[in-house]
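Structure record follows, encoded as structure tokens.
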Amino acid sequence: MRAYLAVIDRREEALRDHVREPRTRAGITAARLIYGADRDGPWFDYGEWALLSKHLDGMIARGRSLSATAPTS
């Protein structure tokens with residue numbers, strides 16, 4: 001369980017660092033914070049955003065994001 005929670009913490013820290021400046025959904029997805037830069041294509045775009053949007057939602061709900069607004073496009 002600790003290892004799983006550590007992955008979540010690392011992802012959220014990377015995401016928080018990445019969105020210190022305003023980013024679009026495409027900009028967040030293109031950073032490949034989940035799958036890494038070597039994974040490209042529509043499946044990875046979908047998966048990247050699906051996971052990162054859950055992290056963003058959780059961060060906002062816990063008051064741990066930089067902004068209470070999520071990217072729209």
Side-chain angles (χ1 to χ4, degrees):
M1 184 63 135
R2 285 185 187 158
Y4 174 75
L5 294 174
V7 169
I8 292 172
D9 288 343
R10 282 193 307 272
R11 287 179 178 175
E12 289 185 359
E13 182 179 343
L15 181 55
R16 201 170 17 261
D17 288 345
H18 186 68
V19 297
R20 289 199 187 282
E21 296 181 16
R23 306 277 182 182
T24 63
R25 175 182 172 169
I28 293 170
T29 301
R32 287 295 191 261
L33 300 174
I34 302 291
Y35 292 112
D38 59 332
R39 305 281 177 107
D40 198 19
W43 164 250
F44 292 106
D45 291 342
Y46 171 80
E48 191 82 17
W49 180 249
L51 292 172
L52 289 174
S53 66
K54 289 180 183 183
H55 284 290
L56 279 172
D57 289 345
M59 291 163 59
I60 291 167
R62 292 187 309 277
R64 295 183 62 198
S65 67
L66 293 176
S67 170
T69 59
T72 57
S73 60

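Here, residue 1 is the first one in the sequence, and each next residue gets the next number.
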Worksheet entry | Pair Asp38 + Arg32: basic N to acidic O under 4.0 Å |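 Salt bridge: no.
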
Discussion item. Does any part of the side chain of Arg11, heavy atoms only, come nearer than 4.5 Å to the side chain of Leu33, both counted from C-beta?
Written reply: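 Side chain of Leu33 against side chain of Arg11, heavy atoms only: no contact under 4.5 Å found.
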
Worksheet item: Would you say Tyr35 and Tyr46 are hydrophobically clustered, going by side-chain heavy atoms of ILVMFWY under 4.5 Å?
Response: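 Looking at the clustering, Tyr46 is in the same group as Tyr35.
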
Worksheet item: Under 4.5 Å between side-chain heavy atoms, hopping through other hydrophobics if needed: is there a path connecting Tyr4 to Met59?
Response: no

Worksheet item: What are the two closest non-hydrogen atoms of Asp45 and Thr29, and how far apart are they?
Response: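 Closest approach of Asp45 to Thr29, heavy atoms only: O-CG2, 3.5 Å.
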
Item to complete: Could you pull out the closest heavy-atom pair between Gly27 and His18, with the gap in Å?
Response: O-NE2, 3.4 Å

Worksheet entry | Side-chain donor or acceptor of Glu48 paired with backbone N/O of Ile34 under 3.5 Å | yes

Discussion item. Can you tell me how far apart NZ (Lys54) and CG (Leu52) are? Round to the nearest 0.5 Å.
Written reply: 11.5 Å

Worksheet item: If you measure from CD1 on Ile8 to CD on Glu13, what distance do you get to the nearest 0.5 Å?
Response: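 One gets 14.0 Å once the value is rounded to the nearest 0.5 Å.
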
Item to complete: Could you list the residues that satisfy side chain to side chain donor-acceptor pair (under 3.5 Å) with Arg62, not counting sequence neighbours?
Response: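 Arg62: side chain to side chain donor-acceptor pair (under 3.5 Å) contacts with Glu12.
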
Discussion item. Between Trp49 and Leu56, is the side chain to side chain contact (heavy atoms under 4.5 Å, CB included) condition met? List the steps.
Written reply: CA-CA 10 Å; Trp49 180 249; Leu56 279 172; 4.1 Å; yes

